[in-house]
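One structure is given here, and the rest of the page talks about it.
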Amino acid sequence: MTGEKRTQVVIVGGGQAGLAAGYHLRRLGVDFVILDAQAEPGGAWQHTWDSLHLFSPAAYSSLPGRLMPPQTGEEYPDAEHVVSYLRDYEKRYELPIQRPVQVKDVDREGERLRVETDSGTWHARAVISATGTWWRPFLPAIPGREKFGGKQVHTVAYQRPQDFQGRRVIVVGGGNSGAQIAADLALDGIDLTWVTQRPPRFLADTIDGRALFDAATARRRALDAGRDDAGGVASLGDIVAVAPVREARDRDLLRATPMFRRLTTGGVEWADGTSAETDAIIWCTGFRPALSHLAPLGLRGPRGHIPTIGTRAATEPRLHLLGYGDWTGPASATLIGVGRTAREAAREIAMLLR
Ligand code: FAD
């Protein structure tokens with residue numbers, strides 16, 4: 001696509017959130033296009049580490065309209081299975097997706113929004129931003145990071161334990177990525193130190209993504225009804241005890257150490273002033289929403305988020321944000337949760353266009 005084009009709605013991002021939005025807009029008869037920076041379907045799932053499995057069974061990881069089929073021999077499907085499911089999903093619903101198209105800027109243009117891409121300009125009456133977080137890895141400001149002479153990677157660049165064979169590795173981060181990558185390395189016999197800011201909090205072994213979704217839903221309902229916030233999922237713990245994490249924990253391979261205070265050229269210095277040598281650090285320190293294309297709209301609020309009412313930007317009714325986390329709808333950053341918020345966004349947009 002080059003030149004100038006018009007449509008009612010541009011969806012930026014063709015991962016699961018963008019597809020769910022497309023599904024609902026199609027049902028409402030709205031004209032739209034999905035612009036996705038990736039060359040292939042699957043969003044971030046194309047790039048995760050080899051051993052990653054979902055934290056919910058297939059049927060509980062489904063987008064609207066089509067159940068994810070089970071993966072033979074796996075109760076919790078792997079990332080490749082998710083990619084095939086998304087590929088099949090967009091084909092089945094004939095979603096109008098253009099790839100690879102990078103959206104550079106979204107700005108106001110009278111009654112429309114102008115969407116500048118690396119291959120032309122779209123003029124739309126509404127925009128749904130569904131660009132995910134994988135593309136903005138977050139690294140904490142730790143003194144000495146630039147001095148460290150070993151290998152440093154973020155979660156996004158970790159693939160498999162074999163890449164760290166024979167090395168002493170520190171994994172930083174007490175969330176799901178940190179625990180899973182630490183388990184992946186530990187079960188492969190890598191010399192591992194797992195560092196977390198506070199003691200890791202494992203969810204009960206019986207809790208998987210299904211229970212998390214239910215807890216997120218209950219929390220939303222309580223807040224909507226003006227009842228007290230019981231803490232939802234966060235009160236239960238941080239780490240889903242998926243099979244490899246459980247195994248590593250039960251074999252006592254997942255002992256966490258408190259955070260170091262600085263990096264040195266050859267390793268780390270602990271809070272008590274002692275030090276340790278290491279060859280590699282894997283930063284499992286999270287992500288931020290990929291929102292730079294929305295900068296011209298000047299909507300950013302605290303913590304880099306855009307204030308929202310539901311999925312709608314509070315001060316720009318033509319913009320909706322989907323899939324970034326609970327601030328864009330309960331469990332909206334999950335396969336099973338994004339459908340509900342996508343439906344709400346699509347309905348609001350259809351009303352706006354009327
Ligand atoms: P993405 O999958 O990131 O898709 C966004 C798309 O937008 C990408 O294709 C990207 O290239 C494109 N894009 C970005 N910027 C632009 C731009 N400017 N122009 C055009 N295109 C752009 N959820 C579950 O339900 N179950 C799980 O078990 C689970 N495990 C997870 C494990 C990990 C390690 C992580 C990080 C997340 C996990 N999630 C899980 C959460 C969530 O489901 C995934 O992060 C999912 O990929 C989010 O989908 P998305 O569509 O919002 O974003």
Side-chain angles (χ1 to χ4, degrees), residues 10-22 33-63 68 76-79 81-83 85-87 89-90 97-106 115-119 122 127-138 154-156 158 173 175-181 184 208-210 212-213 216 239-240 242 245 284-295 311 321-326 328-329 331-339 341-342:
V10 168
I11 299 174
V12 189
Q16 65 202 35
L19 303 192
V33 66
I34 301 177
L35 306 178
D36 186 33
Q38 299 296 292
E40 297 287 332
W45 296 107
Q46 299 169 79
H47 304 284
T48 57
W49 60 93
D50 295 358
S51 68
L52 179 80
H53 281 67
L54 293 183
F55 52 63
S56 309
Y60 293 87
S61 306
S62 301
L63 295 181
M68 181 186 285
Y76 296 86
D78 62 21
H81 188 72
V82 182
V83 171
Y85 168 70
L86 296 178
R87 184 189 301 276
Y89 188 92
E90 57 181 61
I97 306 184
Q98 303 203 354
R99 293 194 174 94
V101 177
Q102 180 81 33
V103 171
K104 297 186 166 307
D105 279 337
V106 177
V115 180
E116 295 287 358
T117 82
D118 58 3
S119 55
W122 286 85
V127 166
I128 296 180
S129 185
T131 47
T133 60
W134 184 261
W135 326 96
R136 267 196 71 206
F138 173 75
H154 185 271
T155 310
V156 296
Y158 174 74
N176 282 295
S177 305
Q180 287 186 33
I181 289 176
D184 206 30
D208 65 13
R210 287 171 282 199
L212 296 180
F213 180 67
I239 301 166
V240 182
V242 293
V245 167
C284 302
T285 40
F287 304 87
R288 296 289 180 268
L291 298 175
S292 60
H293 56 293
L294 301 176
T311 59
L321 295 115
L322 264 195
Y324 295 103
D326 281 353
T328 52
S332 70
T334 63
L335 284 151
I336 192 172
V338 74
T341 42

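Side chains are part of it too, since the values below use all heavy atoms of this structure and drop only hydrogens, waters and symmetry mates. Just follow the structure's listing: the first ligand is 1, and inside any ligand the first atom is 1.
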Once you restrict to heavy atoms under 4.0 Å, what part of Thr117 touches ligand 1? Side chain, backbone, both or neither.
neither
Just need the protein heavy atom nearest to atom 15 (N) of ligand 1, so name the residue and atom and give the distance.
Thr131 CG2, 3.3 Å
Would you check if the side chain of Asn176 reaches a backbone N or O of Val240 as a donor-acceptor pair within less than 3.5 Å?
yes
Could you check atom 21 (N) of ligand 1 against the protein and tell me its nearest heavy-atom contact, residue, atom and distance included?
Ala37 N, 3.0 Å
Relative to each other, are the rings of Trp135 and His47 parallel, tilted or perpendicular (30° and 60° limits)?
perpendicular
Between Thr328 (side chain) and Thr311 (backbone), is there a donor-acceptor pair under 3.5 Å?
no
Could you identify the single nearest non-hydrogen protein atom to atom 53 (O) of ligand 1 and state the distance to 0.1 Å?
Gly132 CA, 3.4 Å
Quick check: do Trp122 and Val12 have side-chain heavy atoms less than 4.5 Å from each other?
no
Could you tell me whether Trp49 approaches ligand 1 through its side chain, its backbone, both or neither, with non-hydrogen atoms closer than 4.0 Å?
side chain
How close does the nearest protein non-hydrogen atom get to atom 12 (C) of ligand 1, and which residue and atom is it?
Asp36 OD1, 3.2 Å
Taking atom 35 (C) of ligand 1 as the reference point, the nearest protein heavy atom with its distance:
Trp134 CZ3, 4.8 Å
Under 4.5 Å between any side-chain heavy atoms of Arg99 and Ile34, yes or no?
no
Judged by heavy atoms only, the candidate from Gln102, Gln16, Arg99 nearest atom 48 (C) of ligand 1 is Gln16
Atom 11 (O) of ligand 1: which protein heavy atom is closest, and how many Å away?
Gln38 NE2, 3.1 Å
Below 4.0 angstrom from a heavy atom of Ala17, which ligand 1 atoms are there? Numbered from 1 as shown, please.
51 (O), 52 (O)
Among all the protein's non-hydrogen atoms, which is closest to atom 4 (O) of ligand 1, and how far away is it?
Gly15 CA, 3.5 Å
Close side-chain approach of His293 to Asp105, heavy-atom, < 4.5 Å
no
Strictly under 4.0 Å, does any heavy atom of Val240 approach an atom of ligand 1?
no
Main chain of Ala331, side chain of Asp326: is a donor-acceptor contact present, judged purely on distance under 3.5 Å?
yes
Region of Val12 engaging ligand 1 - heavy atom pairs below 4.0 Å:
side chain
Any heavy atom of Ala130 closer to ligand 1 than 4.0 angstrom?
yes
Of all the atoms in ligand 1, which lie at a distance below 4.0 Å from a heavy atom belonging to Leu54?
26 (N), 27 (C), 28 (O)
Give a yes or no answer on whether the side chain of Thr131 reaches the backbone of Ala290 with a donor-acceptor pair at less than 3.5 Å.
yes
Side chain proximity check, Gln98 to Thr117, heavy atoms < 4.5 angstrom:
no
Measure the distances from the heavy atoms of Ala333 to every atom of ligand 1 and state whether one is below 4.0 angstrom.
yes
If we count only non-hydrogen protein atoms and require a distance under 4.0 Å, does atom 33 (C) of ligand 1 qualify as touching the protein?
no
What protein heavy atom sits nearest atom 37 (C) of ligand 1, and how far off is it?
Trp45 CH2, 4.9 Å
Verify, without hydrogens or angle tests, whether Thr285 (side chain) and Phe138 (backbone) share a donor-acceptor contact under 3.5 angstrom.
yes
Quick one: does atom 46 (C) of ligand 1 have a protein heavy atom under 4.0 Å from it?
yes
Are His154 and Phe287 close enough that their ring centers fall under 6.0 Å?
yes
Spell out, as yes or no, whether a donor-acceptor pair under 3.5 Å connects the side chain of Ser332 to the backbone of Gly325.
yes
Minimum distance, heavy atoms only, to atom 3 (O) of ligand 1: which one of Tyr324, Trp135, Tyr158 is it?
Trp135
